[in-house]
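Here's the structure we're looking at; comments come further down.
Just so you know, these numbers use all the heavy atoms, side chains as well, and skip hydrogens, waters and symmetry mates. Note that this is a predicted model, so its numbers are computed, not measured.
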Amino acid sequence: MPEFDLRGMKVAKYNYDKTQKKISYDTPMSMGDAMTANLELKFAEGRLYAESALAEYMKKVTGLTVSQGVKYIPDETQKLLFKAYELSRSVGSGSPKTVKSMAYGKTSTGQYVGSGFYAPDMIDGVEKFTAIFVHKTLFGPPSKALQTMGEQINFQTPTTSGEALVDDAGHLMEWESFDTEAEAIAWLDACFTTEPTVVTEGG
């Protein structure tokens, strides 16, 4: 896979109406300035042996491991992804100042989201814009690593990983390449607002 100059990384809460059998997403939110994205498909395998030889083999996609790195995850997005919440305390004496902070706690469990991003790509010598949409992912809070300054300046940026599941319509992820950046952005916006239709052979 080519190296992507990632852009437009967004997430939105995944909803499923069991009565109407309809999938929807809340308003998309920025994940922050995109840096890295790794997608690794997961498979279930089965082998059947007969007369000391492999007679049948089956391999089926079961999920997807998603890892996304950003410069900084906005507070509102952390509330969406990890159910982070705000605390406040009075700081200082005399005329104390109220300071708000973000926190994780026992209620800080992830919730399912749709996620998407796009990037310039080179296909057969022509510059395109490839967009990727993952239908249903459960992310975990990013780890934090700090260190004292030495001879080099090291940037510590958050990376959050999660497991993508097949959604309630049977979809896992989709992608497409476009001639312009505007088309890629419009397609991702549509992924969050309209349900896809399966195209049959010759359809």
Side-chain angles (χ1 to χ4, degrees), residues 4-19 22-40 42 63-119 131-168 172-173 185 188-193:
F4 275 45
D5 175 21
L6 291 174
R7 303 176 187 176
M9 193 176 282
K10 293 183 178 181
V11 291
K13 185 176 179 292
Y14 174 92
N15 306 296
Y16 181 64
D17 187 322
K18 292 183 179 179
T19 302
K22 183 177 177 62
I23 295 169
S24 64
Y25 297 94
D26 289 356
T27 302
M29 304 174 68
S30 173
M31 271 283 286
D33 294 340
M35 296 179 65
T36 61
N38 294 297
L39 308 173
E40 183 178 348
K42 299 173 67 175
L64 179 73
T65 298
V66 182
S67 179
Q68 297 183 179
V70 295
K71 180 180 177 182
Y72 172 77
I73 302 177
D75 290 348
E76 291 304 310
T77 306
Q78 295 220 37
K79 292 178 183 179
L80 165 67
L81 290 176
F82 321 120
K83 293 185 181 177
Y85 53 91
E86 290 185 358
L87 294 176
S88 65
R89 65 180 72 243
S90 295
V91 178
S93 58
S95 298
K97 178 182 179 182
T98 299
V99 177
K100 291 184 178 180
S101 58
M102 296 298 297
Y104 297 138
K106 65 179 182 180
T107 61
S108 298
T109 56
Q111 56 187 335
Y112 293 120
V113 296
S115 63
F117 52 86
Y118 72 96
I132 296 175
F133 182 71
V134 182
H135 289 249
K136 183 180 180 182
T137 304
L138 184 68
F139 286 105
S143 59
K144 296 184 181 294
L146 304 174
Q147 65 183 47
T148 188
M149 186 175 71
E151 295 181 356
Q152 294 181 329
I153 297 175
N154 296 307
F155 292 97
Q156 302 293 333
T157 56
T159 296
T160 178
S161 298
E163 294 294 327
L165 293 76
V166 174
D167 70 10
D168 290 277
L172 180 63
M173 65 173 287
I185 293 172
L188 281 174
D189 288 342
C191 287
F192 286 112
T193 56

Please tell me if the side chains of [X] and [Y] come closer than 4.5 Å, counting only heavy atoms from C-beta onward.
X      : Y      : value
Val66  : Met173 : no
Asp75  : Glu86  : no
Tyr16  : Ile23  : yes
Tyr25  : Thr193 : no
Lys136 : Val166 : no

> Only one of Leu165, Leu64, Val11 clears side chain to side chain contact (heavy atoms under 4.5 Å, CB included) with Val134; which?
Replying inline: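 It is Leu64, the one option of Leu165, Leu64, Val11 that forms the side chain to side chain contact (heavy atoms under 4.5 Å, CB included) with Val134.
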
If you measure from [atom1] on [X] to [atom2] on [Y], what distance do you get to the nearest 0.5 Å?
X      : Y      : atom1 : atom2 : answer
Glu40  : Ser67  : CD    : OG    : 10.5 Å
Tyr118 : Leu188 : OH    : CG    : 8.5 Å
Met31  : Gln78  : CE    : CD    : 9.5 Å

>> Please determine whether a side-chain nitrogen of the Lys or Arg among Lys18 and Asp168 lies less than 4.0 Å from a carboxylate oxygen of the Asp or Glu.
In response: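 No, Lys18 and Asp168 are not salt-bridged.
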
Please check if the side chain of [X] supplies one atom and the backbone of [Y] the other of a donor-acceptor pair under 3.5 Å.
X      : Y      : answer
Thr77  : Ser30  : yes
Thr160 : Gly140 : yes
Glu163 : Leu138 : no

So which atom in [X] and which in [Y] form the shortest heavy-atom distance, rounded to 0.1 Å?
X      : Y      : value
Lys42  : Thr65  : CD-OG1, 3.5 Å
Phe192 : Gly114 : CE2-O, 3.6 Å
Ser115 : Thr137 : OG-OG1, 4.3 Å
Met102 : Ala84  : CE-CB, 3.8 Å
Leu87  : Ala103 : CD1-CB, 3.7 Å

> Hey, mind stepping through Gln111 and Leu80 against side chain to side chain contact (heavy atoms under 4.5 Å, CB included) and telling me if it holds?
Replying inline: CA-CA 8 Å; Gln111 56 187 335; Leu80 165 67; 3.8 Å; yes

> Should we count NZ of Lys10 as having more than 12 external heavy atoms under 6.0 Å?
Replying inline: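 No, not enclosed.
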
